Novice: 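Below is a structure I'd like to ask you about.
Lettering of chains follows the sequences in order, A, B, ..., and the numbering in each one begins at 1. Model, not experiment: these values are computed from the prediction.
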Amino acid sequence: MAVYSTPFTLHHNNLCLQNHPIVALNLHHHRRFSTIIKYVNSSKPNHTTSICVPEHELMLMNVATVLHSLDLTNPDQCVQSYALILRNCRKLHNLQLGLQLHGHMIVTGVDLCEFLGSQLLEFYCKLSTVDDTRKLFDEMSERNVFSWTSVIGLYSELGDYEEVISLFYMMNDQGLRDYKSGKDVYDYMTSIGFEGNNYVKRAFLDMFLKCGRMDIARRLFEQMDSVDVVMCNMMVSGYVSKRDFERALRYVDQMRLKGVMPDRVTYNTILSGLAQVGRFKEAAKYFSKMDGFGELEPNIVSWTAIITGNMQNGSPSRALNIFRKMINRGIKPNSTTISSVISVCTNLCLERLGKEIHGYCIKTEELDSNLVVNNALIDFYSKSQNVNNGARKNFNKIQHKDLVSWNSIRAAYATKGCRDDVIKLLYEMELQGFLPDVITWNGLITRFTQYGDGKTALEFFAKMCQLGVSPNTTSISGILTACAQSKNLKMGKEIHNYTIRNGIEMATGVRSALIAMYSGCDDLEASYAVFNGLLTKDVVMWNSLIAASGKSGFGVGALDLLREMKLNNAQPDSVTMISVLTACSKLAALRQGREIHQYIIRHGLDSSNFVCNALINMYGGCGCDNPQFTCIPYNSLMIIKVLDDCVEIFNCSLISVLYSHVRVNILVVCRKPD
DNA sequence: ATAGGGTTAG
């Protein structure tokens with residue numbers, strides 16, 4: 001593991017510090033102290049001691065010793081000691097000592113972190129006055145679920161339901177949704193027969209729905225004396241988020257029976273749910289139902305739901321078409337629509353359109369200053385290789401940056417392979433109080449791999465593990481690709497073992513990455529071994545092995561696999577075609593290439609531009625000149641024509657040719673030469 | 001105070 005030249009202290013990992021002399025000394029004190037506390041707590045104390053010294057005095061004496069020996073340069077150890085004493089003050093009902101300790105904490109300036117704060121608060125809750133407890137709670141800068149639970153529990157015991165609910169809303173606002181503390185409060189309130197008004201019930205309904213406890217939510221909903229459209233929509237939304245559209249629709253019927261008419265929010269909820277899972281036809285049905293229906297007329301939310309649904313389900317060009325239709329209808333996009341469309345531009349490498357939309361944003365104050373829009377723009381400029389004048393400018397513009405902003409700007413530098421800039425940004429971010437998450441590391445791993453620097457990608461993977469961030473399947477696939485890229489078979493094998501030990505080798509993405517890793521490290525036999533070891537072989541696995549064989553120069557094997565695949569009743573798809581065509585190209589196997597071409601036409605796989613490009617490549621690789629292209633479908637010929645024009649007129653390299661309905665609309669995306 | 005659409009990895 002390389003040592004960074006820049007300061008790099010993202011976490012206080014104290015595990016490795018235990019051998020440090022000062023720390024060891026402190027640990028010694030800590031252990032001694034723990035023993036005493038354990039002894040004080042013990043229900044059967046040692047007779048000789050307990051007879052002559054009362055428990056409280058013993059406690060005081062030893063606490064004083066510990067406080068004097070606290071090593072203030074080791075915050076972690078201090079926190080542990082303070083917390084331990086506080087816990088025991090609580091158990092021994094020693095208010096005075098706890099207050100003294102709080103005073104000591106203020107004097108020494110120990111950081112009231114989430115953990116210590118929650119311990120101190122719990123002490124105040126149990127032993128001190130409500131006012132003092134509340135004062136502490138309000139002044140605490142970091143609150144975790146335990147802190148909220150303590151203070152909510154306090155008010156619920158006092159029977160101050162208004163305060164319980166108001167704290168509940170505050171907790172939800174801060175993004176802390178804790179099912180257990182909510183359920184405790186709820187159980188407590190129902191147990192003493194407190195019914196609560198509809199406001200209270202609505203707050204609980206919200207909580208149970210967000211925790212996915214449909215059973216409790218449903219019971220609560222049925223107990224309501226009266227329901228309004230908002231509460232019905234909450235139920236519909238709950239089922240939609242569970243992807244249970246049938247029940248969601250049943251609630252729509254039910255609300256009609258109760259005399260509540262579904263509104264635009266009801267339809268938008270269902271619409272967006274369907275669009276998010278790619279059920280566009282049904283979504284469109286609801287959309288057209290709303291169309292021309294006065295109050296239910298699709299609004300910006302309805303349009304945006306359809307656009308993002310298409311975007312997130314692999315149809316970005318369709319998302320763009322819908323966006324254009326929306327603009328033509330005179331509907332003004334807002335920040336939500338814009339950020340989604342910028343993401344489309346990023347994915348399709350639509351540089352001109354992206355810049356046009358950026359221009360539109362600059363003219364509108366609301367869009368220009370929006371965090372999410374600017375985050376999307378950072379990524380857009382990063383993917384179009386414009387770091388300093390694009391991504392960085394938007395990053396600097398953001399007043400209150402969030403983790404996404406930092407992740408995006410770092411990825412921008414990673415795209416260019418700037419390792420030092422990335423490390424500097426990690427350090428700067430830490431100073432701002434943000435910790436890197438799994439997306440941070442995955443972003444760095446994949447970008448550095450794409451740049452061709454698998455070594456740095458591996459370095460960040462190690463750093464990620466060292467900091468205790470658990471790798472997920474994306475991290476694993478990424479790091480396997482990095483191993484292939486840097487031909488690091490040893491590390492690749494280690495990762496393979498890791499996946500087996502942790503039971504994550506079953507994920508499709510990981511399996512195909514394993515196959516690609518071994519072939520990339522020139523061990524095609526191992527790729528075959530992984531494949532043969534699979535119990536079920538889906539088309540993705542076949543494609544992975546075919547691609548691996550082709551790339552390793554074993555084209556004959558790739559063609560064999562295609563035959564074998566058909567015999568095993570696996571249906572080849574367009575990805576299969578691309579791989580086998582590449583193999584044919586390398587083998588100059590024109591006869592097989594033509595056969596595959598026939599297969600492509602028979603199965604209608606020629607609508608993908610990638611397949612067409614592979615066909616062009618195959619005929620070219622087999623030494624066919626232009627006349628031979630007559631056997632290529634009409635759309636490919638057009639692409640070639642456009643490609644030639646492109647090179648001739650603009651003198652640029654073609655990176656991607658996109659078309660939805662080729663005869664009608666061809667879109668060529670170009671990149672200036674580097 | 002309560003319901004619908006958003007950005008970063010793959």
Novice: So, taking the atom named CG in A:Leu480 and the one named OG in A:Ser475, what distance separates them when rounded to the nearest 0.5 Å?
Specialist: 10.5 Å
Novice: Can you tell me how far apart CE (A:Met224) and CG (A:Leu205) are? Round to the nearest 0.5 Å.
Specialist: 5.0 Å
Novice: CD of A:Glu297 versus P of B:dG4: gap in Å, rounded?
Specialist: 22 Å
Novice: Going by number, which of residues 363-374 of chain A have a non-hydrogen atom under 4.0 Å from DNA chain B?
Specialist: A:Asn370, A:Val372
Novice: Partners of A:Phe293 by side chain to side chain contact (heavy atoms under 4.5 Å, CB included), sequence neighbours excluded?
Specialist: A:Leu296
Novice: For A:Asp228, which contact category applies under a 4.0 Å heavy-atom criterion: base, sugar-phosphate, or nothing?
Specialist: nothing
Novice: Return the minimal non-hydrogen interatomic distance between A:Ala275 and A:Ala305, and the atom names on each side.
Specialist: CB-O, 3.7 Å
Novice: Which nucleotide in the set B:dA9, B:dT2, B:dG6 lies at the smallest distance from any side-chain heavy atom of A:Thr446?
Specialist: B:dA9
Novice: Partners of A:Arg318 by side-chain hydrogen bond (donor to acceptor under 3.5 Å, both in side chains), sequence neighbours excluded?
Specialist: A:Asn310
Novice: Looking at the side chain of A:Asp379, which of B:dA3, B:dG10, B:dA9 is the nearest nucleotide?
Specialist: B:dA9
Novice: Does B:dT8 have OP1 or OP2 under 4.0 Å away from a side-chain N or O of A:Ser343?
Specialist: yes
Novice: Classify the side chain of A:Thr474 versus the base of B:dG10 as yes if they form a donor-acceptor pair under 3.5 Å and no if they do not.
Specialist: yes
Novice: Looking at every strand, decide which applies to A:Thr473 at a 4.0 Å heavy-atom threshold: base, sugar-phosphate, or nothing.
Specialist: nothing
Novice: OP1, OP2 of B:dG4 versus side-chain N and O of A:Ser237: anything below 4.0 Å?
Specialist: yes
Novice: Which of these nucleotides, B:dG10, B:dT2, B:dG5, is closest to any side-chain atom of A:Thr308?
Specialist: B:dG5
Novice: So if I take residues 389-415 of chain A and measure heavy-atom distances to DNA chain B, which residues fall below 4.0 Å?
Specialist: A:Val404, A:Asn407, A:Ser408
Novice: Of the nucleotides B:dA3, B:dT8, B:dA9, which one has an atom closest to the side chain of A:Asn442?
Specialist: B:dA9
Novice: Starting at atom CG of A:Asp263, determine the distance to atom C1' of B:dT2, rounded to an integer number of angstrom.
Specialist: 13 Å
Novice: Write down the distance between CG (A:Asn233) and P (B:dA3), rounded to a whole number of angstrom.
Specialist: 10 Å
Novice: Does A:Lys289 qualify as a cation-pi partner of A:Tyr267, given the criterion of NZ or CZ under 6.0 Å from the six-membered ring centre and within 45 degrees of its axis?
Specialist: no
Novice: Between the side-chain atoms of A:Asn375 and the base atoms of B:dG6, is any donor-acceptor pair under 3.5 Å?
Specialist: no
Novice: In whole angstrom, give the distance that lies between atom CE of A:Met235 and atom C1' of B:dA3.
Specialist: 12 Å
Novice: Respond yes when some side-chain nitrogen or oxygen of A:Thr337 is under 4.0 Å from OP1 or OP2 of B:dG5, and no when none is.
Specialist: no
Novice: Roughly how many Å is it from CD1 in A:Ile342 to C1' in B:dG6, rounded to a whole number?
Specialist: 10 Å
Novice: Looking only at atom types and distance, does a side-chain atom of A:Asp206 sit under 3.5 Å from a main-chain N or O of A:Arg202, one as donor and one as acceptor?
Specialist: no
Novice: Just how far, in rounded Å, is C1' of B:dT7 from CD of A:Gln312?
Specialist: 10 Å
Novice: Have a look at A:Gly443 and say if it touches a base, only the backbone sugar-phosphate, or nothing, with a 4.0 Å heavy-atom cut-off.
Specialist: sugar-phosphate
Novice: Do A:Asn543 and A:Thr576 have a side chain donor and acceptor closer than 3.5 Å?
Specialist: yes
Novice: So, using side-chain hydrogen bond (donor to acceptor under 3.5 Å, both in side chains) as the criterion, who are the partners of A:Asp368 when residues are at least two apart?
Specialist: A:Lys397
Novice: What does A:Ile306 touch in the nucleic acid at a heavy-atom separation under 4.0 angstrom: a base, only the sugar-phosphate, or nothing?
Specialist: nothing
Novice: With sequence neighbours left out, write down each residue that passes side-chain hydrogen bond (donor to acceptor under 3.5 Å, both in side chains) with A:Asn375, or none if nothing qualifies.
Specialist: A:Asp402, A:Ser405
Novice: Rounded off to whole Å, could you give me the CG-to-C1' distance for the A:Asp206 and B:dT2 pair?
Specialist: 7 Å
